[in-house]
Amino acid sequence: EPEVTQTPSHQVTQMGQEVILRCVPISNHLYFYWYRQILGQKVEFLVSFYNNEISEKSEIFDDQFSVERPDGSNFTLKIRSTKLEDSAMYFCASASRMGRNEQFFGPGTRLTVL
Amino acid sequence: AQKVTQAQTEISVVEKEDVTLDCVYETRDTTYYLFWYKQPPSGELVFLIRRNSFDEQNEISGRYSWNFQKSTSSFNFTITASQVVDSAVYFCALSEGGATNKLIFGTGTLLAVQP
(Lines give C-alpha, C1' and ligand atoms only; values in the text may rest on other atoms or scores of the structure.)
Protein backbone atom coordinates (compact mmCIF):
# COMPACT_ATOMS: atom_id res chain seq x y z
CA GLU A 1 0.00 0.00 0.00
CA PRO A 2 1.43 3.40 -0.94
CA GLU A 3 2.45 5.58 1.96
CA VAL A 4 3.97 8.94 2.75
CA THR A 5 7.53 8.73 4.03
CA GLN A 6 9.52 11.28 5.98
CA THR A 7 13.18 11.64 6.83
CA PRO A 8 14.77 11.91 9.27
CA SER A 9 12.57 10.48 11.98
CA HIS A 10 14.34 12.61 14.58
CA GLN A 11 16.46 15.73 14.07
CA VAL A 12 18.38 17.48 16.81
CA THR A 13 19.79 20.91 16.04
CA GLN A 14 21.20 23.95 17.73
CA MET A 15 19.20 27.16 17.90
CA GLY A 16 19.91 29.34 14.88
CA GLN A 17 20.80 26.46 12.60
CA GLU A 18 18.97 25.64 9.38
CA VAL A 19 17.11 22.35 9.04
CA ILE A 20 15.50 20.66 6.10
CA LEU A 21 12.78 18.11 6.67
CA ARG A 22 12.09 15.77 3.81
CA CYS A 23 8.95 14.04 2.65
CA VAL A 24 8.09 11.72 -0.19
CA PRO A 25 4.34 11.97 -0.81
CA ILE A 26 2.27 9.23 -2.41
CA SER A 27 3.24 9.17 -6.06
CA ASN A 28 0.01 10.14 -7.80
CA HIS A 29 -1.00 12.77 -5.25
CA LEU A 30 -1.14 16.41 -6.24
CA TYR A 31 -1.74 18.27 -2.97
CA PHE A 32 0.88 18.49 -0.28
CA TYR A 33 0.83 19.78 3.25
CA TRP A 34 2.96 20.36 6.30
CA TYR A 35 1.52 20.31 9.80
CA ARG A 36 3.19 20.50 13.16
CA GLN A 37 2.34 19.21 16.60
CA ILE A 38 4.00 20.63 19.66
CA LEU A 39 4.30 17.91 22.27
CA GLY A 40 0.95 17.17 23.89
CA GLN A 41 -0.92 19.67 21.77
CA LYS A 42 -3.13 19.56 18.71
CA VAL A 43 -1.99 19.24 15.13
CA GLU A 44 -1.68 22.65 13.44
CA PHE A 45 -1.71 23.45 9.73
CA LEU A 46 1.41 25.14 8.40
CA VAL A 47 1.22 25.25 4.63
CA SER A 48 -0.39 23.70 1.57
CA PHE A 49 1.25 23.32 -1.81
CA TYR A 50 -0.23 22.63 -5.20
CA ASN A 51 0.98 23.04 -8.75
CA ASN A 52 4.44 24.05 -7.56
CA GLU A 53 3.33 26.91 -5.42
CA ILE A 54 2.02 27.64 -1.96
CA SER A 55 -1.77 27.72 -1.97
CA GLU A 56 -2.23 28.69 1.65
CA LYS A 57 -0.08 29.25 4.72
CA SER A 58 -0.88 29.82 8.35
CA GLU A 59 0.35 32.57 10.66
CA ILE A 60 2.94 30.13 12.00
CA PHE A 61 4.53 29.87 8.57
CA ASP A 62 6.60 33.04 8.70
CA ASP A 63 9.65 34.09 6.71
CA GLN A 64 11.80 31.52 8.48
CA PHE A 65 9.90 28.73 6.76
CA SER A 66 9.95 27.70 3.13
CA VAL A 67 8.77 24.71 1.13
CA GLU A 68 9.99 23.24 -2.08
CA ARG A 69 9.30 20.40 -4.42
CA PRO A 70 12.74 20.11 -5.99
CA ASP A 71 11.93 17.11 -8.14
CA GLY A 72 8.98 14.89 -8.95
CA SER A 73 9.03 13.03 -5.69
CA ASN A 74 10.37 15.04 -2.76
CA PHE A 75 8.63 17.76 -0.79
CA THR A 76 10.75 19.65 1.70
CA LEU A 77 10.22 22.03 4.59
CA LYS A 78 13.12 24.33 5.45
CA ILE A 79 13.45 26.28 8.65
CA ARG A 80 16.14 28.89 8.12
CA SER A 81 17.11 29.81 11.66
CA THR A 82 15.57 27.50 14.20
CA LYS A 83 14.19 28.71 17.50
CA LEU A 84 13.51 26.75 20.66
CA GLU A 85 9.79 27.03 20.01
CA ASP A 86 10.19 25.23 16.68
CA SER A 87 10.66 22.01 18.62
CA ALA A 88 7.74 19.84 17.56
CA MET A 89 6.67 16.88 15.47
CA TYR A 90 6.35 17.86 11.83
CA PHE A 91 3.97 15.88 9.66
CA CYS A 92 3.84 15.83 5.92
CA ALA A 93 0.57 14.86 4.22
CA SER A 94 -0.64 14.40 0.68
CA ALA A 95 -3.99 14.06 -1.05
CA SER A 96 -5.01 13.08 -4.54
CA ARG A 97 -7.93 15.45 -4.82
CA MET A 98 -9.42 18.43 -3.07
CA GLY A 99 -12.15 18.21 -0.53
CA ARG A 100 -13.47 14.70 -0.64
CA ASN A 101 -10.22 12.92 -0.32
CA GLU A 102 -8.58 12.33 2.95
CA GLN A 103 -5.02 13.42 3.54
CA PHE A 104 -2.55 10.67 4.19
CA PHE A 105 0.05 11.51 6.77
CA GLY A 106 3.65 10.49 7.03
CA PRO A 107 5.09 9.15 10.30
CA GLY A 108 6.47 12.57 11.24
CA THR A 109 9.86 14.08 12.00
CA ARG A 110 10.54 15.00 15.59
CA LEU A 111 12.57 18.21 15.63
CA THR A 112 14.39 19.11 18.81
CA VAL A 113 16.01 22.55 18.99
CA LEU A 114 18.58 22.97 21.76
CA ALA B 1 -14.49 30.92 11.68
CA GLN B 2 -13.67 27.24 11.59
CA LYS B 3 -13.30 25.48 14.88
CA VAL B 4 -13.34 21.94 16.22
CA THR B 5 -14.00 21.27 19.87
CA GLN B 6 -13.27 18.01 21.62
CA ALA B 7 -14.35 18.71 25.17
CA GLN B 8 -13.14 15.37 26.56
CA THR B 9 -9.40 15.63 27.12
CA GLU B 10 -9.04 12.17 28.58
CA ILE B 11 -11.26 9.11 28.93
CA SER B 12 -10.43 5.91 30.74
CA VAL B 13 -12.47 2.75 30.28
CA VAL B 14 -12.09 -0.91 31.04
CA GLU B 15 -11.75 -3.32 28.16
CA LYS B 16 -15.05 -4.34 26.53
CA GLU B 17 -16.79 -1.17 27.58
CA ASP B 18 -18.34 1.03 24.89
CA VAL B 19 -17.00 4.57 24.67
CA THR B 20 -18.12 7.66 22.75
CA LEU B 21 -15.78 10.47 21.79
CA ASP B 22 -17.46 13.80 21.22
CA CYS B 23 -16.70 16.30 18.48
CA VAL B 24 -18.44 19.63 17.86
CA TYR B 25 -17.51 21.81 14.92
CA GLU B 26 -18.13 25.34 13.72
CA THR B 27 -18.11 26.47 10.12
CA ARG B 28 -19.87 29.00 7.94
CA ASP B 29 -19.49 26.90 4.83
CA THR B 30 -22.31 24.73 3.54
CA THR B 31 -19.81 22.31 1.99
CA TYR B 32 -17.34 20.80 4.38
CA TYR B 33 -15.76 17.52 5.36
CA LEU B 34 -15.25 15.93 8.73
CA PHE B 35 -12.59 13.42 9.67
CA TRP B 36 -11.40 11.30 12.53
CA TYR B 37 -7.74 10.38 12.93
CA LYS B 38 -6.12 8.08 15.45
CA GLN B 39 -2.70 8.80 16.93
CA PRO B 40 -1.34 5.73 18.76
CA PRO B 41 1.60 6.03 21.17
CA SER B 42 3.99 5.52 18.25
CA GLY B 43 2.95 8.97 17.02
CA GLU B 44 1.70 8.53 13.48
CA LEU B 45 -1.68 9.84 12.36
CA VAL B 46 -3.99 7.15 11.06
CA PHE B 47 -7.02 8.10 8.99
CA LEU B 48 -10.25 6.51 10.23
CA ILE B 49 -13.16 8.12 8.42
CA ARG B 50 -14.32 11.04 6.28
CA ARG B 51 -17.87 12.38 6.06
CA ASN B 52 -19.08 15.16 3.82
CA SER B 53 -21.68 17.72 4.80
CA PHE B 54 -24.29 16.37 2.39
CA ASP B 55 -24.36 12.93 3.87
CA GLU B 56 -25.76 12.55 7.35
CA GLN B 57 -25.96 8.81 7.26
CA ASN B 58 -24.33 7.19 10.21
CA GLU B 59 -21.57 4.76 9.46
CA ILE B 60 -20.42 1.56 11.07
CA SER B 61 -17.13 -0.17 10.45
CA GLY B 62 -16.58 -3.17 12.65
CA ARG B 63 -16.44 -1.95 16.24
CA TYR B 64 -16.36 1.70 15.13
CA SER B 65 -19.39 3.84 14.41
CA TRP B 66 -19.89 7.50 13.71
CA ASN B 67 -22.92 9.70 14.35
CA PHE B 68 -23.05 12.85 12.24
CA GLN B 69 -25.74 15.38 13.18
CA LYS B 70 -25.78 18.69 11.34
CA SER B 71 -28.51 20.07 13.59
CA THR B 72 -26.13 19.99 16.54
CA SER B 73 -22.89 20.35 14.52
CA SER B 74 -21.60 17.16 16.01
CA PHE B 75 -19.66 14.21 14.66
CA ASN B 76 -19.28 11.70 17.46
CA PHE B 77 -17.29 8.50 17.38
CA THR B 78 -18.23 5.35 19.27
CA ILE B 79 -16.02 2.34 19.89
CA THR B 80 -17.96 -0.75 20.87
CA ALA B 81 -16.38 -3.39 23.07
CA SER B 82 -13.15 -1.41 23.44
CA GLN B 83 -9.80 -3.16 23.39
CA VAL B 84 -6.41 -2.23 24.81
CA VAL B 85 -5.18 -1.61 21.26
CA ASP B 86 -7.71 1.21 20.96
CA SER B 87 -5.66 3.23 23.44
CA ALA B 88 -4.58 6.35 21.56
CA VAL B 89 -5.30 10.01 21.05
CA TYR B 90 -8.21 10.55 18.72
CA PHE B 91 -8.49 13.75 16.71
CA CYS B 92 -11.55 15.11 15.00
CA ALA B 93 -10.83 17.43 12.07
CA LEU B 94 -12.71 19.75 9.73
CA SER B 95 -11.98 20.76 6.18
CA GLU B 96 -13.96 23.38 4.33
CA GLY B 97 -14.62 23.32 0.60
CA GLY B 98 -12.04 26.02 -0.06
CA ALA B 99 -8.96 26.29 -2.15
CA THR B 100 -6.62 24.24 -0.04
CA ASN B 101 -8.51 21.61 1.90
CA LYS B 102 -6.44 22.28 5.01
CA LEU B 103 -7.45 20.33 8.08
CA ILE B 104 -8.43 22.10 11.28
CA PHE B 105 -7.92 19.71 14.17
CA GLY B 106 -9.52 19.54 17.57
CA THR B 107 -7.36 19.23 20.64
CA GLY B 108 -7.78 15.47 20.74
CA THR B 109 -9.13 12.99 23.26
CA LEU B 110 -6.77 10.59 24.96
CA LEU B 111 -8.47 7.23 25.30
CA ALA B 112 -6.96 4.78 27.77
CA VAL B 113 -8.39 1.28 27.70
CA GLN B 114 -7.44 -0.70 30.78
CA PRO B 115 -7.25 -4.51 30.63
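Letters A, B, ... are given to chains in the order of the sequence lines, protein chains preceding strands, and every chain is numbered from 1.
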Worksheet item: Quick one: what part of A:E44 sits under 4.5 Å from any heavy atom of chain B, side chain, backbone, both or neither?
Response: neither

Worksheet item: Is it the side chain or the backbone of B:Q39 that comes within 4.5 Å of chain A heavy atoms, both, or neither?
Response: side chain

Response to the item:
Apart from A:I60 itself, members of its ILVMFWY cluster (side-chain separation under 4.5 Å) are A:M15, A:V19, A:L21, A:F32, A:W34, A:L46, A:V47, A:F49, A:I54, A:F61, A:F65, A:V67, A:F75, A:L77, A:I79, A:L84, A:Y90, A:L111, A:V113

Fill in: Under 4.5 Å from a heavy atom of chain B, the part of A:F91 involved
side chain

Discussion item. Please tell me whether B:F35 and B:F105 form a close aromatic pair, meaning their ring centres lie under 6.0 Å apart.
Written reply: no

Worksheet entry | Short N-O contact, B:R63 and B:D86, less than 4.0 angstrom | yes

Practice prompt. Flag the pair B:T107 / A:Q41 as yes when at least one side-chain heavy-atom distance between them is below 4.5 Å, and no otherwise.
Written response: no

